[in-house]
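The structure appears below as structure tokens.
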Amino acid sequence: MDIKKRIDELKEIIFRANREYYMLDNSIISDQEYDRYMQELMTLEEKYPEYKTNDSPTQIVGSKVLDKFAKVTHKIPMLSLGNIFNESEIINFDKRIRKEIDNPKYVCELKIDGLSVSVTYKNGILIQGATRGDGTIGEDITNNVMTIKSLPHTLNQKIDIEVRGEIYMRKDVFEKINEQRAKEGRSLLQNPRNAASGSVHQLDYNITKNRHLDCFIYHLPNPFDYDIYTHHEALEFMEKLGFVVNSNRILANNIKEVIDYINYWTENRNTLPYEIDGIVIKLDDINSQNKLGFTARTPKWATAYKFPAEIVKTRLIDIIFTVGRTGKITPNAVLEPVKIAGSTIARATLHNEDNVVYKDIRINDKVLIRKAGDVIPEVVCADKNERNGSEKKFVMIENCPICNTKLIRKEKEADYYCPNINCDARKVETIIHFAERGAMNIEGLGENVIEDLYNQGFIKKITDIYHLEKYEQELVLLEGFGPKLISNLKEGIENSKQNSLEKLIFGLGIRQVGSKTAKILARQFKDIDNLIEADYEKLNNINDIGPIIAKNIVDYFKDPQNLELISELKELGINTKYLTQESEDKEEFLNKKFVLTGTLTNITREQAQKLIENYGGSVSNSVSSKTNTLIVGENPGSKYDKAIKLNIPIWNEEEFLDKIK
Ligand code: IVH
């Protein structure tokens, strides 16, 4: 038997079956046959590893239901965009660019409200899809992206390429899914963006498939590899390869045309079959983009204009009160459900008593609701012209709605607090905050799970999280807690023990210590014990930490209950030290542009790139007059000749290794 031929045959059969199954909901072979072909291919590849390639279906498509997503490192970080909100900021963006670039042209695109994805093709075949994650490390969602019909499995050219774009859910799909869920008495998906994100994060791709997601491609990370030097050409190139690129884009010759485009779409965004939350403005010329470079998180050559918050009118049916983890009481409006910024909302915050009294917002009033992006919807004001006498004036409660303790209001503060630290609402919120993503990031321990476990008595305080495994037998019997969920939860809890200190500091929920302050504190003090010992003076002297936060920190660590919590956490094996690796800038690398050519023998190209970036430099693919240094390995390519022509400094591998020592 010609082994290579049989392997190719098997690959072809499996790819075809995948394509039909994922994209056309059609099984051309039975599950058993499919498994048999896959098994045969795996056996052959194991026996003849010389024929095993990265683009083989054995390397791409995993099992139907995954335990968790594998991690993927983005060779080129997936960056976010800076935001601007009004015309003068648009003009300033242009001014900043003009300082370095003559006559800039801009590509304007719709900012699709979904989640970004990186998709890799080898030989024209889709081999990997990955989420953005933290920009450097994302999740491998290959199985799930294969279900997206608007993302080609095979390209019109057999090339190796990575492209990036946005996965989103069309409005009509979102409505249909929610209609169905309502019929089944299940909770509704919040808005198309959350629905898309939730669908992509399903471990079972059959669920993703039923969510009918779509994808627009908008970014080519390595344009020079394909001899492309402008963004608009990159979009055309990707379109020719078979990607769906949004057609509502323009190449604007000046900032006036950009503003006209923004005005047009601000008026007409509702006519689109998908949600957009703004306009992306990108400098067209890629050499100019590289000249401008990046800040830590965002490119300087592009920005996102965000649409103003939407406002709608609805009736305020009731006012209810919620208790936060600090005991803060918030009045909330119960609304006649209304659609705003892609979601249907039935609650909005009224902030505090003074706000409601000052604006004279009454039960049964018609009220204006404002919502922008991820921000909590709020009641702006009441429409007093619509009153008919049935309205009831607001009365602030005097006792906690959960534990009935008398509320207190501190001098000069607008908020009331429940002072009872044993109030159930406060305790649940404290645990939710500890486990949430920005804090200890305990996978599997979301808001609802915590509420369930609290009500059933399994978690009454933070440290109980780390004793949960003792109750495994009982937990499996709870409704909704299958073995899979429990094993994920156990893993999430175990992983959280290795978090770096800043996650723990944020998780403790010290008043006004957000994730940014937690990072500053962790970096400064390195160990929780040093932070506990820090006095007011020392804290107040730290840049970015004001007197109020300094006092809150000192007060927190004065409380014996909090010290007890920390010592228990330590005993349970939770890390209390700063583990985050810092990047250190080196002068030879800081803000310098490097190009690599030839084979490096002691480290991989990816490692070299990472090191250069860690030291504050950047790596591009081709040599130009903007290149600061060319690093040359064995058998260098034409970049070497070009660098010599342009008189660009050259380091060999040894010199490079010497600098990074
Ligand atoms: S460009 C370096 N173009 O918006 C290039 N992003 O707020 C960065 N987005 O993370 C992205 N539509 O998820 C780009 N036409 C578009 C976009 C777009 C939506 C998302 C993307 C990005 C986020 C930034």
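We count ligands from 1, going down the list as the structure has it; atoms in each ligand are counted the same way. The chain is numbered in sequence order, starting from 1.
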Set out, in order, the CA-CA distance, both residues' side-chain angles and the distance that settles side chain to side chain contact (heavy atoms under 4.5 Å, CB included) for Y578 and L521, then state yes or no. CA-CA 10 Å; Y578 184 54; L521 292 169; over 6 Å; no
Check the orientation of H231 and H219. Use parallel for under 30°, tilted for 30 to 60°, and perpendicular for over 60°. tilted
Write none if no such pair exists; otherwise list each N/O atom of ligand 1 with its protein N/O partner under 3.5 Å and the distance.
residue  : atom   : partner : partner atom : Å
ligand 1 : 3 (N)  : K282    : NZ           : 3.0
ligand 1 : 4 (O)  : K111    : NZ           : 3.3
ligand 1 : 7 (O)  : K111    : NZ           : 3.2
ligand 1 : 12 (N) : I112    : N            : 3.0
ligand 1 : 13 (O) : E166    : OE1          : 2.7
ligand 1 : 13 (O) : E166    : OE2          : 3.3
ligand 1 : 13 (O) : Y218    : OH           : 3.4
ligand 1 : 15 (N) : E109    : OE1          : 2.8
ligand 1 : 15 (N) : L110    : O            : 3.2

Inspect the contact between K176 and D172 and indicate whether a charged nitrogen and a carboxylate oxygen are less than 4.0 angstrom apart. no
Worked verdict on S118 versus E162 for side chain to side chain donor-acceptor pair (under 3.5 Å): CA-CA 7 Å; S118 150; E162 184 201 347; 2.7 Å; yes
Spatial distance of atom NZ (K639) from atom OG (S624) [nearest 0.5 Å]: 12.0 Å
Is D285 reaching over with its side chain to a backbone N or O of S288, donor-acceptor style, under 3.5 angstrom? yes
